[in-house]
Amino acid sequence: MLTSLITAASAFPEVELTFPNLFGGFTISYRQGFELFGIKIYWYGVLITIGVILAYLYASRRAKSFGINKDRMFDVVFAALIGGFLGARIYYCVFQTLDPNGIDYDFVTTFTTIRDGGLAIYGGVIGGFLCGFIACKIRKVNFRAMADLASLGFLIGQTIGRWGNFINQEAFGAQCADDWLFGMTSVDIIARDHLEAGALVHPCFLYESVWCLVGFIALHFYSKKLRTFDGEIMLMYLAWYGLGRAWIEGLRTDSLMAGELRISQVVAAVCFVACTIMVIVFKILTEKKHIPLYVNTEACRELAEADAAAEAERLRKKKEKKSGQSAPSILADGAEDITLDEETAAEDGAAEQEEAPADESAEPAAEETEDTHNNESEENSDGSTDN
């Protein structure tokens, strides 16, 4: 199987990427994907999937500390993933179409040409939070607490997913100095931006991946001890990512444009300013009004107890069903054992009567006792069989 995958990788042309100033200079040769059962699979998609899985595993481990039931969380995450994917695609296609130099998409091509690429992270964030909000209302999950947990998951997914841009040789920046430590180059990049041979560009995907990793580490520890209100981590995530993206987007050459403005740069700057202000305001209000975190409220405890009771009832019914299927039939072995025991008792009683001293007056009683035992044995035997 492994051999067939490696062989099938030839469906993708080999590409090279060079970092001349990093670790003494080195070149990486690779393919952008592989073919499985005749279907081309890009490493970009594989990395995004890995990021989603790791984010979910992390969220599952931290769910209890946010007062969220894992089963309810799964439903919310599932809905948010669908909304995030659709949002990322629609956001990208809309702003590409609005850009005079972009690609024109209509309703059909937005979804039929998705394998050609085109996803925007801010569209994914918007779509994910919107669908997640609806799912939280349906599944009775506290949205702000769930948003805090989801934001940490977003940072994990973005940290890993940006390396898909590295493999695709996209999301790179403008030309940088020849001695810049992280400067990179390739034949495709030079041809795409019409640069001179050997020119180096900024690896924007690397900057953003590292930025998200640092943000995740910081917010992970902050959320354990310092979180004071529900929604705080979400706001801090949007502010942190907005700050980094506003700077990094200014280096990119493939930005979504609205006239002279870079769409994502504007959105990022607005997120940073607005969310920073909201964090400060809500912190003051929370401290002033002594508003507890959702995980510490009576509503959270009641829902947790209800979920625990429901789970215990489900397990009880499952156990009863399982034991009922494996229990021996009363009409089979049980009835046979009872009949044999009754017959043995009757025979023992008759033997004792025969061994008693001979007495004419006692003989009829013995015979009567033997008959009585035999009759009772027959009646008990019939009754056991009917049960």
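Quick note: residue numbers are just sequence positions, from 1. Keep in mind that this is a model prediction, so the values were computed, not measured.
At a threshold of 4.5 Å between non-hydrogen side-chain atoms, the residues T109 and T112 count as touching. A 4.5 Å side-chain heavy-atom check between E170 and F205 finds every atom pair outside the cut-off. Proximity of R227 to I233: side-chain heavy atoms (C-beta onward) are separated by under 4.5 Å at one or more points. T18 has its side chain out of reach of M184: every pair of non-hydrogen atoms, C-beta onward, lies at least 4.5 Å apart. The side-chain heavy atoms of K318 and K322, taken from C-beta on, include no pair separated by under 4.5 Å. Side-chain contact between V77 and M73: present, with at least one pair of heavy atoms (C-beta onward) separated by less than 4.5 Å. Residues M236 and V279 meet the side-chain proximity criterion, which asks for heavy atoms closer than 4.5 Å. Side-chain contact between I263 and Y122 is absent, with no heavy-atom pair separated by less than 4.5 Å.
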Worked check of side-chain contact (heavy atoms from CB on, under 4.5 Å) between V94 and Y105: CA-CA 7 Å; V94 167; Y105 288 97; over 6 Å; no
side-chain contact (heavy atoms from CB on, under 4.5 Å) assessment of I103 paired with T97: CA-CA 6 Å; I103 304 172; T97 302; over 6 Å; no
side-chain contact (heavy atoms from CB on, under 4.5 Å) between Y30 and W43, worked out: CA-CA 11 Å; Y30 60 90; W43 288 114; over 6 Å; no
Check against side-chain contact (heavy atoms from CB on, under 4.5 Å), V201 and L195: CA-CA 10 Å; V201 298; L195 302 174; 3.6 Å; yes
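Atom CZ in R144 sits 8.5 Å away from atom CZ in F229 (nearest 0.5 Å). Separation of atoms NZ (K70) and CG (D75) is listed at 14.5 Å; rounding is to 0.5 Å.
Ion pairing of E305 with R301 is absent here, as no side-chain N (NZ or NE/NH1/NH2) approaches a carboxylate O to less than 4.0 Å. Using a 4.0 Å cut-off between charged side-chain N and carboxylate O, R139 and D71 make no salt bridge. Comment: E208 engages R162 in a salt bridge, judged by a side-chain N to carboxylate O separation of less than 4.0 angstrom.
When only modelled atom types and interatomic distance are considered, D148 and S151 share no side-chain donor-acceptor pair under 3.5 Å. Judged purely by distance below 3.5 Å, without hydrogens or angles, the side chains of R89 and T113 pair a donor atom with an acceptor atom. When only modelled atom types and interatomic distance are considered, T228 and K283 share a side-chain donor-acceptor pair under 3.5 Å. Between the side chains of S255 and E249, at least one donor N or O sits under 3.5 Å from an acceptor N or O. The closest side-chain donor-acceptor pair between S186 and Q169 falls under 3.5 angstrom. Between the side chains of Y237 and E232, not a single donor N or O lies within less than 3.5 Å of an accepting N or O. Side-chain contact check for R62 and S223: at least one donor-acceptor pair (N or O, by modelled atom type) lies under 3.5 Å.
Counted within 6.0 Å of CZ on R61, heavy atoms from surrounding residues, nucleotides or ligands total 12 or fewer; the atom is thus considered open. Annotation: Y222, atom OH; neighbour count of heavy atoms from other residues, nucleotides and ligands within 6.0 Å is above 12. With a 6.0 Å radius and a threshold of 12 heavy atoms from other residues, nucleotides or ligands, E298 has its CD atom above the threshold. Shown here is E311, whose CD atom has more than 12 heavy atoms of other residues, nucleotides or ligands within 6.0 Å.
Between F216 and Y58, the ring-plane angle classifies as perpendicular under the 30° and 60° cut-offs. Between F182 and W180, the two ring planes are perpendicular [angle over 60°; tilted spans 30° to 60°].
With ring centers used as reference points, F154 lies under 6.0 Å from F129. The aromatic ring centroids of F23 and F19 lie 6.0 Å or more from each other. Aromatic ring centroids of W211 and W240 lie under 6.0 Å apart.
Hydrophobic side-chain contacts under 4.5 Å tie I284 into a cluster, directly or through other members, with I280.
Each of D254, L206, N165, D193 was scored for a side-chain contact (heavy atoms from CB on, under 4.5 Å) with F172, with one residue passing: D193.
For K40 and F12, the positive end sits near the middle of the six-membered ring, less than 6.0 Å away and at most 45° from its axis.
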